[in-house]
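In what follows, a single structure is set out as structure tokens and then discussed.
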Amino acid sequence: MRKKIVAGNWKMNKTLQEGLELAKEVNSKVKANHAKEVTVVIGTPFIHLSEVSKVVDPDIVAISAQNCATEASGAYTGEVSAAMIASTGSRYVILGHSERRSYYGETDEILAKKVERALENNLEIIFCVGEVLAERENGKHFEVVESQLVNGLFNLTAEQFSHIVIAYEPVWAIGTGKTASSAQAEEMHAFIRKTIAGKYGQEVAEATSILYGGSCNPKNADELFSQPDVDGGLIGGASLKSDDFIAIVKARQNH
Ligand code: PEP
């Protein structure tokens, strides 16, 4: 059975003190509703990672970084390596977020290197894919997502691929308040699963968790999670308030 996952992406929000408060709140609220079948992850800024890992119970809330360097170590001023992330107790890293792709020029080739570094350091990867609005309007969304999967991930072995979680995040839905309909999400998630099956076989595809991201909130989470191929969510804005985030975790528990 594949994992059900609700992962928060705090992006560049919260000072260290605010982040610690939020992490403590999330930890205690998840603990109070603990349902082992949902994996809860919080993706914090780099500087929060080691402190946050001291205030959450790793069996209750897993910690994720939002990026890692392409290189293992050395003279790369300002970069943070996958080994450094792992050394804080973080278990996950989000790679390929559309904000990284568009604002920081992260290509599929760059992302493939980051994926390698993360796997070398035993991190689980939440790998984001998704089309921009013009690509959807031109009917290119399947093609775009397929090429992001093929170029970013399909050089991996099946064993390596078992450490990948996919997050389908239509760029037009991120931070816009415009959510993909549950039918649009399901259609793309089923396509992603079929594409994975074509490369790695049905068993691997069935075991891969595919999260939806893009203005997911306590009101629409239930409907999105009712879809058979939507295994959970990657949550931006709504992960910054513990009550909203927990409401989404509960929506995932209920299915
Ligand atoms: C995200 O950026 O990963 C995201 C899903 O953001 P939001 O929920 O704010 O749309």
Side-chain angles (χ1 to χ4, degrees), residues 4-14 18-19 22 26 38-46 48-49 61-68 90 92-106 111 114-115 118 123-133 135-136 141 144-145 148-149 152 164-182 184-186 188-189 192 209-225 227 229-252:
K4 295 176 176 181
I5 300 172
V6 175
N9 174 12
W10 292 2
K11 309 193 185 187
M12 194 176 73
N13 291 295
K14 305 288 178 191
E18 291 165 349
L22 178 57
V26 169
V38 179
T39 300
V40 178
V41 181
I42 51 178
T44 81
F46 286 135
H48 297 52
L49 294 173
V61 177
I63 316 283
S64 176
Q66 302 170 14
N67 182 25
C68 73
S90 306
Y92 286 80
V93 60
I94 298 167
L95 291 175
H97 191 281
S98 68
E99 288 152 15
R100 300 294 319 168
R101 291 178 188 263
S102 69
Y103 304 152
Y104 301 98
E106 294 195 1
L111 290 169
K114 293 187 175 200
V115 165
L123 293 170
E124 305 292 312
I125 297 166
I126 300 176
F127 190 84
C128 305
V129 296
E131 78 287 354
V132 300
L133 187 59
E135 290 163 342
R136 178 162 280 266
H141 44 300
V144 167
V145 167
Q148 291 169 338
L149 292 170
I164 304 290
V165 171
I166 305 291
Y168 169 55
E169 299 207 303
V171 180
W172 47 271
I174 296 178
T176 58
K178 212 174 170 190
T179 317
S181 68
S182 55
Q184 284 172 321
E186 174 58 23
M188 183 59 87
H189 284 223
I192 291 170
S209 299
I210 307 176
L211 315 184
Y212 168 79
S215 299
C216 182
N217 61 42
K219 291 204 178 89
N220 58 30
D222 194 58
E223 166 72 16
L224 286 160
F225 297 159
Q227 302 303 308
D229 287 291
V230 178
D231 302 311
L234 180 57
I235 318 299
S239 71
L240 297 173
K241 289 196 184 131
S242 61
D243 283 343
D244 287 353
F245 187 61
I246 296 310
I248 296 170
V249 171
K250 282 192 196 158
R252 181 60 288 188

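Atoms considered below: every heavy atom in the structure, side chains included; atoms not considered: hydrogens, waters and symmetry mates. Whatever order the structure lists ligands and atoms in, that order sets their numbers, starting from 1.
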Using a 4.0 Å cut-off to any heavy atom of [X], which atoms of ligand 1 qualify?
X: Ala173; result: 10 (O)
X: Leu234; result: 3 (O), 5 (C)
X: Gly175; result: 7 (P), 9 (O), 10 (O)
X: Gly214; result: 5 (C), 10 (O)
X: His97; result: 1 (C), 2 (O), 3 (O)

Under 4.0 Å between a side-chain nitrogen and a carboxylate oxygen: does that hold for Glu106 and Arg101? no
Proximal candidate to atom 2 (O) of ligand 1 [heavy atom criterion; set Glu169, Lys11, Gln66, Lys178]: Lys11
When you measure from atom 4 (C) of ligand 1 to each heavy atom in Gly237, Ser215, Gly236, which option holds the nearest one? Gly236
Spatial distance of atom CD (Glu124) from atom CD1 (Ile164) [nearest 0.5 Å]: 8.5 Å
Roughly how far, to the nearest 0.5 Å, is OG1 of Thr44 from CE of Met12? 14.0 Å
Take Gln227 and His189, measure what side chain to side chain contact (heavy atoms under 4.5 Å, CB included) needs, and give me the verdict at the end. CA-CA 9 Å; Gln227 302 303 308; His189 284 223; over 6 Å; no
Side chain, backbone, both or neither: the part of Ile174 lying under 4.0 Å from ligand 1 by heavy atom: both
Quick one: does Gln66's side chain have a donor or acceptor within less than 3.5 Å of a partner on Val93's backbone? no
Between the side chains of Glu131 and Tyr168, does any donor sit under 3.5 Å from an acceptor? yes
What about Gly213: any of its N or O atoms under 3.5 Å from an N or O on ligand 1? no
Before you tell me yes or no, could you show the steps for Ile192 and Val129 under side chain to side chain contact (heavy atoms under 4.5 Å, CB included), namely the whole-Å CA-CA distance, both residues' side-chain angles and the distance that decides it to 0.1 Å? CA-CA 10 Å; Ile192 291 170; Val129 296; 4.2 Å; yes
